[in-house]
Amino acid sequence: MGMSVVSWRRRQLLRRIRLAPVTVTAVLLSRSTTNLPVTLAQTATFLGVALLPVFDVRLGEHWCLSLPVILLGAIAFSALGLLVGAVCQSEEAASALANFLVMPMALLSGTFFDLAQAPTGLRQTAEPMP
């Protein structure tokens, strides 16, 4: 999301959008909204693979209550991308800043290693992250 905003600015597409009879807010909201079906498709694919008998994953009774959280996460990361796009002047800088913001969250989310075995300070840092 951030890199596309930077690309739009570099190609002066945002200036053209301002001249069109549609608001920039509407365009950016529509861009964010298109991410939601992609997020749902990725979630369905992930669950489809995870539910294979090889992985022995079982969903809880109220698993569908996680869908609003997944959609809110997609909206939050779209907003983060818009922030990156607003700050950066080139696609390379947007990519670097996005990686700088997202990589600590990915590493401290407990995906790559068990946080229960991490030092106390690292666990306290990781708790507020998604």
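Predicted model only: the values in this text are computed from it and were never measured. Hydrogens, waters and symmetry mates are skipped; everything else that's a heavy atom, side chains included, is used. The first residue of the sequence shown is numbered 1, and numbering continues consecutively from there.
Neither Val6 nor Leu14 shares a network with the other; the hydrophobic side chains, linked directly or stepwise wherever heavy atoms of I, L, V, M, F, W or Y lie under 4.5 Å apart, form separate groups for each. Note: the hydrophobic cluster containing Phe77 does not contain Val38 (ILVMFWY, side chain heavy atoms under 4.5 Å, direct or indirect links). Note on Leu97: it does not cluster hydrophobically with Met3, by side-chain heavy-atom contacts below 4.5 Å among ILVMFWY residues. Follow the hydrophobic side-chain contacts under 4.5 Å out from Leu65 and you never reach Leu59; the two are in separate clusters. Linking Ile, Leu, Val, Met, Phe, Trp and Tyr residues whenever their side-chain heavy atoms come within less than 4.5 Å leaves Val27 and Leu36 in two separate clusters.
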Please tabulate, for side-chain N and O atoms in residues 67-76, each donor-acceptor pair with protein atoms closer than 3.5 Å (sequence neighbours left out).
none

List the atom pairs, donor and acceptor, that lie under 3.5 Å between side-chain atoms in residues 112-119 and the rest of the protein, sequence neighbours left out.
from   : atom 1 : to     : atom 2 : distance (Å)
Asp114 : OD1    : Ala116 : N      : 3.3

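From Leu47, atom CG reaches atom OG of Ser66 across 7.5 Å, with rounding to the nearest 0.5 Å. The CD1 atom of Ile17 sits 12.0 Å away from atom CZ of Arg15, with the distance rounded to the nearest 0.5 Å.
Proximity of a side-chain donor or acceptor of Arg10 to a complementary backbone N or O of Glu91 within less than 3.5 Å is not detected.
Looking at every heavy atom in both residues, Arg9 comes nearest to Cys88 through NH1-O, 2.7 Å.
A 4.5 Å side-chain heavy-atom check between Leu82 and Ser32 finds at least one atom pair inside the cut-off.
Pairs of residues two or more places apart, or lying in two chains, that qualify as side chain to side chain donor-acceptor pair (under 3.5 Å) and include a residue from residues 46-64 are Asp56-Arg58. For residues 34-55, the side chain to side chain donor-acceptor pair (under 3.5 Å) pairs, not counting sequence neighbours, are Asn35-Ser78.
Residues passing the salt bridge (charged side-chain N to carboxylate O under 4.0 Å, His left out) test with Glu92, sequence neighbours excluded: none. Partners of Arg123 according to the salt bridge (charged side-chain N to carboxylate O under 4.0 Å, His left out) rule, which considers only residues two or more places apart in sequence or in another chain, do not exist here.
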